Amino acid sequence: MHPFTYTRADSTRDALDAGRRGGRYVAGGTTLVDLMRETVERPDALVDISALPLREVTVTRGGGLRIGALVTMSHAAAHPKVRGLLPVVSQALELSASAQLRNMATIGGNIMQRTRCAYFRDVTAACNKRDPGSGCAAREGYNRTHAILGTSESCVATHPSDVAVAFAALDAQVHLLGPDGRRSLAFSDFLLRPGRTPHREQALKQGELITTVEIPALPRPLRSGYLKVRDRQSYEFALTSAAVALHVRRGVIREARVAAGGVGTVPWKLSAVERALVGQRPTGRLWAKAASVAGDGARTLQHNRFKVDLLERTVERQLRIVGESS
């Protein structure tokens, strides 16, 4: 392991000072420490922020939710307000990782986690995300689990987070605090597609700290849920997934929020599916028709062509589950 210094921040100011000087923030450490062991990441300085007061889940005045960056995945999943208002979030969290990891990993860390692409984690393989300009071994290698949406010539790795898919569907905001003050980003702008700079994964400035993730107030009644399709039933990343939230009033879909995971270089908002749903009456035929456009724009590789059909089936199934729930 590459030598590094370790500092424990007792206040937000201490954390920002250390971050400004190039320190990497760490809380649960369930991703970063693994990458350091494998020498994929070699930070010179770690800043432990686990003592900062960012562990609250609160309901906003309008009826939205704010989840602190240091709230653990297990705590957020079990929180009665999360479970009651947004089952899609709690389900996405419960289908992530193992119980032990969920007890340690934080919401902020989860959305910051890096890809599980095997070539990224193999320091002998070409990877533009790890070593810009070296190439992308996955494009011509074994790419069954790789992305079909949002890819570039430089990178085809998927984003691994489940709860990030729910946040993308619900148009969440990420609140940040940095040396220049506070700012907020739409979740769709926080995570970056690879383009020609796949090593830039988040729109963070030097030393910025995630403070909260805020989900806006949504119309009621709201039905929501998360479906994850994977090679095995536990401790596995998604081949495809679907986060769905529907507002149905007087038998008509008034609002639809849909996003997919396991198929995109970032959690993929399915705007075409949403447009196909709004203003329609829920029927089995509608679910199939709307899901048929889920893979629009897909660019497949040698081993992952099956993901287009699997994505459509996953979205159709979850639309049916949510849309026909009482």
Side-chain angles (χ1 to χ4, degrees), residues 1-55 68-74 96-98 100-137 154-155 157 159-161 163-164 174-180 190-192 194 197-213 237:
M1 186 179 285
H2 181 75
F4 62 91
T5 62
Y6 172 88
T7 304
R8 182 175 174 86
D10 295 321
S11 68
T12 302
R13 176 178 292 181
D14 289 344
L16 294 178
D17 286 344
R20 186 188 296 111
R21 295 192 299 270
R24 291 284 302 278
Y25 299 129
V26 62
T30 57
T31 294
L32 181 56
V33 173
D34 278 349
L35 294 176
M36 290 171 65
R37 288 195 190 104
E38 296 169 5
T39 68
V40 174
E41 294 258 20
R42 297 182 179 185
D44 293 320
L46 293 186
V47 184
D48 185 344
I49 59 170
S50 59
L52 301 187
L54 302 173
R55 296 184 179 275
L70 295 182
V71 174
T72 64
M73 293 170 65
S74 58
S96 302
S98 65
Q100 294 92 334
L101 286 174
R102 293 195 300 269
N103 286 337
M104 287 294 296
T106 63
I107 293 297
N110 183 277
I111 62 175
M112 286 282 291
Q113 69 180 296
R114 307 196 70 184
T115 183
R116 260 56 186 182
C117 171
Y119 298 104
F120 167 72
R121 289 173 175 257
D122 178 358
V123 295
T124 67
C127 175
N128 290 316
K129 191 178 285 291
R130 187 188 65 249
D131 183 13
S134 64
C136 176
S154 298
C155 184
H159 194 276
S161 171
V163 76
V174 181
H175 297 303
L176 306 169
L177 178 63
D180 297 326
F190 174 72
L191 296 176
L192 304 177
T197 56
H199 57 288
R200 288 200 66 231
E201 297 178 349
Q202 302 91 18
L204 287 170
K205 299 177 182 178
Q206 179 69 46
E208 277 192 319
L209 182 69
I210 302 170
T211 58
T212 57
V213 175
F237 296 93

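Just so it is clear, the structure is predicted and the values come from calculations on it, not from any experiment.
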| query | Listed by chain and number, what are the side-chain hydrogen bond (donor to acceptor under 3.5 Å, both in side chains) partners of Asp131, not counting sequence neighbours? | reply | none
| message | Test side chain to side chain contact (heavy atoms under 4.5 Å, CB included) on Asp34 and Arg37; report intermediate values, then the result. | response | CA-CA 5 Å; Asp34 278 349; Arg37 288 195 190 104; 2.7 Å; yes
| Do Ser134 side-chain atoms and Cys127 backbone N/O form a donor-acceptor pair below 3.5 Å? | yes
| said: With heavy-atom distances below 4.5 Å as the criterion, would you say the side chains of Phe237 and Thr115 are in contact? | reply: no
| request: Please name the pair of heavy atoms, one in Gln206 and one in Gly22, separated by the smallest distance, quoted to 0.1 Å. | output: NE2-CA, 3.4 Å
| message | Do Pro194 and Ser154 have side chains that approach each other closer than 4.5 Å (heavy atoms only, starting at C-beta)? | response | no
| So how far is it from Arg24 CZ to Met36 CE, rounded to the nearest 0.5 Å? | 8.5 Å
| message | Quick one, Val123 with Val40, criterion side chain to side chain contact (heavy atoms under 4.5 Å, CB included). Give me CA distance, side-chain angles, the key distance, then yes/no. | response | CA-CA 6 Å; Val123 295; Val40 174; 4.0 Å; yes
| message | Quick check: closest heavy atoms across Leu16 and Gly178, and the distance to 0.1 Å? | response | CD2-CA, 4.0 Å
| message | For a quick test of reading the model, state the closest non-hydrogen atom pair linking Ala97 to Arg102 and the distance between them. | response | O-NH1, 3.5 Å
| note | Scanning both residues in full, the closest heavy-atom pair of Ala45 with Thr5 reads CB-OG1, 3.3 Å
Please list, one pair per line, the donor and acceptor atoms closer than 3.5 Å that link side chains of residues 25-33 to other protein atoms, with sequence neighbours excluded.
unit_1, atom_1, unit_2, atom_2, d
Tyr25, OH, Ala15, O, 3.2
Tyr25, OH, Gly207, O, 2.7

| query | Measuring from Asn110:CG to Ser161:OG, what's the distance to the nearest 0.5 Å? | reply | 3.5 Å
| How many angstroms lie between OG1 in Thr12 and CG in Asp17, if you round to the nearest 0.5 Å? | 11.0 Å
| query | Can you name the closest pair of heavy atoms from Leu176 and Glu208 and give their distance? | reply | CD1-OE1, 3.7 Å
| Pairwise distance NZ(Lys129) to CZ(Arg121) - rounded to 0.5 angstrom | 11.5 Å
| said: Could you check whether any side-chain heavy atom of Ser50 comes within less than 4.5 Å of a side-chain heavy atom of Arg55, counting everything from C-beta outward? | reply: yes
| field | Donor-acceptor pair, side chain of Arg114 and main chain of Glu201, under 3.5 angstrom | value | no
| Nearest heavy-atom pair of Pro43 and Phe4: which atoms, and what distance? | O-CB, 3.4 Å
| Is there side-chain contact between Ile111 and Ile210, with heavy atoms separated by less than 4.5 Å? | yes
| request: Would you please test Thr7 and Leu46 for side chain to side chain contact (heavy atoms under 4.5 Å, CB included) and show each step? | output: CA-CA 6 Å; Thr7 304; Leu46 293 186; over 6 Å; no
| message | With rounding to the nearest 0.5 angstrom, report the CZ to CE distance, Phe190 to Met112. | response | 5.5 Å
| task | Please indicate whether Arg8 has more than 12 foreign heavy atoms, meaning atoms of other residues, nucleotides or ligands, lying under 6.0 Å from its CZ. | result | yes
| request: Step by step, work out the side chain to side chain contact (heavy atoms under 4.5 Å, CB included) result for Leu52 and Leu209. | output: CA-CA 11 Å; Leu52 301 187; Leu209 182 69; 3.8 Å; yes
| task | Indicate yes or no: at least one non-hydrogen side-chain atom of Leu191 is less than 4.5 angstrom from one of Gln202. | result | yes
| said: I need the Leu54 CG to His175 NE2 distance, nearest 0.5 Å. | reply: 12.5 Å
| request: Please identify each residue that fulfils side chain to side chain contact (heavy atoms under 4.5 Å, CB included) with Cys136, with sequence neighbours left out. | output: Asn128, Ala138, Arg139, Val156
